[in-house]
Amino acid sequence: MSGYEDDKTLKNQNTDSLISDALDFVSEYSAKANVESGNIVPEQKLAEQLDMPFVKLHNYEFNEAVLGLIPAEFARSHNVIPLQVDKARLLVAAANPMQQNLYQMLGFITGLSIDIAVATLKDIQWAVQHYYGVQDDELALESIDNHINNDTGVQELERIGSERPIVRLVSNIIRDAIERNASDIHIRPREKNVELIYRLDGTLTTIRFISKTLLAALVSRIKIIGGMNIAERRIPQDGRSCVHAGDANVDLRISIMPTVEGESVVIRLLNAQVGLKSISELGFSNKDEDDFRDLLHKSNGIFLVTGPTGSGKSTTLYAALGEVKNQNVNIITVEDPVEYHMDGIEQIQINHTTGYTFARALRNILRHDPDVILVGEIRDHETGKIAVESALTGHLVLSTLHTNDAAGAVTRLLEMEVEPYLLNSCLLGVLAQRLVKRNCPDCLEIEPVDRLVRHALELSMDETFYHGKGCEQCNHTGIKGRLAVYELLCMTDDIRSLVSPDVATTTIHQSAVDAGMVPLTANALERARNKEISLAEVYRVRLN
């Protein structure tokens, strides 16, 4: 491994010219990028301390012949990628240049002397998936020697789905999605190819396109993983599996749907280490956090979390369970499906095919001496009635409901024919929430705001808001994770007096605001004023 004089010049003047030019380019480009962005990452500091060049890979021009010098599996497992070769020397980008055994392994594999440039781990993982992913596709294509059609037998489908290149391709797609903290993988067939999409921070992001020839083999492999019928291609199927990612177990929820272009696949990734949060991490104000904790320490009653699909309701409920668990109580959950496994809590999976519904499960678990019950969702009158009765008989019940705002949960339960006097006696509070995209703090810039947006939110024309421009730290998306905006309605005597079969949602909402509730739109607007989210996100999740 050679040392370096500064960011542009090699100390070792005997290094071959092409490698020297490559390192010069790396250092010059890196220095320019750092001046423009003003950001210094830990890997760059390490590179400076070791007198090595630091490279950003998104704009680097990779050569297929050079990539072929290091096997894809080795590059993925050791987080390295080759940059340039000349005669007996190979320049490799690595996130951790301190591993002496890595140089020895690379030298043994390639038969070349190794020079190291430093790159961020995210950059290398992106480059490995982006460039080696194409090679995976090509190897998988070579392994398919027969066209799969509706007459293909089960044994042939199993053989194709078990071919090593197909297995590797599917495994690498799942692994890459987990490394990027994607919540979902979409394999979407189109007329001429297959689109691979990840949902990253709530946004569908196209990763690459795959040959249409590989679709049937990919789907067959995924069906094998999910324990589904690989011969059935005419009806939707659901399956599940679990994979190990580092120290974490990630649950896979698989949905396969036949379309006119072929079978479409969606894999939901449930990573407990990423998804489970504490109450303090949910983003409540100090007052609302105290009110929320106070509600969870009640011995009986029902607390509801509302919002559309994908608004983080389950994350909030599991955070609530984590708080309640410290009280040394018997907790039983009834879910469809069980999203995160929590030690010390009895979790029950609903099975509609056998008639084991929420209502039936609730009847059974009341005889199991629970103190706290989590019901995945109140969907109908029967479930709502039993949940309310459970709350009245000395149990703390946590559940979700599909309504737009907190006040709407009260009228929704009344529509389910839950008696007003029962609701008055047991409802503790309602949390309505949405997930919004957090601005990347490293690339904030003034957000251009449309006049219509300002008018809809009743804002002046001169107020300034910010959004993420896109940088290396956020993979040029301008987004750094998501956070919840919410409104927390705590039941008061005034609100209870309003509960009747013909009460309007707006009446309950106004009474809650008068009692101190901050509406969801106002909460989101405050986040935008603090530069945490863009005004476009406020406009997207606003409530009328």
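The figures that follow rest on heavy atoms only: side chains count, while hydrogens, waters and symmetry mates do not.
- Ion pairing between a basic and an acidic side chain is recognised when a charged N comes within 4.0 Å of a carboxylate O; Lys313 and Glu377 show no such pairing.
- The salt bridge (Lys or Arg N to Asp or Glu O under 4.0 Å) test applied to Arg482 returns no partner, not counting sequence neighbours.
- Contact record, Gly376 with Phe358: N-CE2, 3.6 Å, taken as the closest heavy-atom pair.
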* To do: Could you go through the side chain to side chain contact (heavy atoms under 4.5 Å, CB included) check for Leu204 and Arg188 one step at a time?
  => CA-CA 12 Å; Leu204 289 176; Arg188 185 178 297 174; 4.0 Å; yes
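- Around CZ of Arg379, the count of heavy atoms belonging to other residues, nucleotides or ligands within 6.0 Å exceeds 12.
- Under the rule for a salt bridge (Lys or Arg N to Asp or Glu O under 4.0 Å), the partners of Arg199 that lie at least two apart in sequence or sit in another chain are Asp184.
- Nearest heavy-atom pair, Gly262 versus Pro189, reported as atom, atom and distance to 0.1 Å: O-CG, 3.6 Å.
- With sequence neighbours excluded, the residues forming a ring pair (Phe, Tyr, Trp, His ring centres under 6.0 Å) with Tyr486 are Phe284, listed by chain and number.
- Taking Arg175 as the reference, Glu73, Arg76, Asn172, Glu179 meet the side chain to side chain contact (heavy atoms under 4.5 Å, CB included) condition, with sequence neighbours excluded.
- Looking at residues two or more places apart in sequence or on another chain, you find no ring pair (Phe, Tyr, Trp, His ring centres under 6.0 Å) involving Tyr539.
- Legend: residues meeting side chain to side chain contact (heavy atoms under 4.5 Å, CB included) with Thr203, ordered by chain and number and at least two apart, are Thr205, Lys437, Ile479.
- Tyr356 meets the ring pair (Phe, Tyr, Trp, His ring centres under 6.0 Å) test with no other residue; sequence neighbours excluded.
- For Asp176, the salt bridge (Lys or Arg N to Asp or Glu O under 4.0 Å) test picks out Arg180, with sequence neighbours left out.
- Legend: residues meeting ring pair (Phe, Tyr, Trp, His ring centres under 6.0 Å) with His186, ordered by chain and number and at least two apart, are absent.
- At least one donor-acceptor pair under 3.5 Å links the side chain of Asn63 to the backbone N or O of Ala65.
- For Asp251, the side chain to side chain contact (heavy atoms under 4.5 Å, CB included) criterion is met by Arg240, Cys242, Arg253, Leu270, His341, not counting sequence neighbours.
- In terms of the side chain to side chain contact (heavy atoms under 4.5 Å, CB included) criterion, residue partners of Leu196 (sequence neighbours excluded) are, by chain and number, Ile173, Ile185, Ile187, Tyr198, Ile207, Arg208, Ile210.
- Annotation: salt bridge (Lys or Arg N to Asp or Glu O under 4.0 Å) contacts of Lys223 (sequence neighbours excluded): Glu263.
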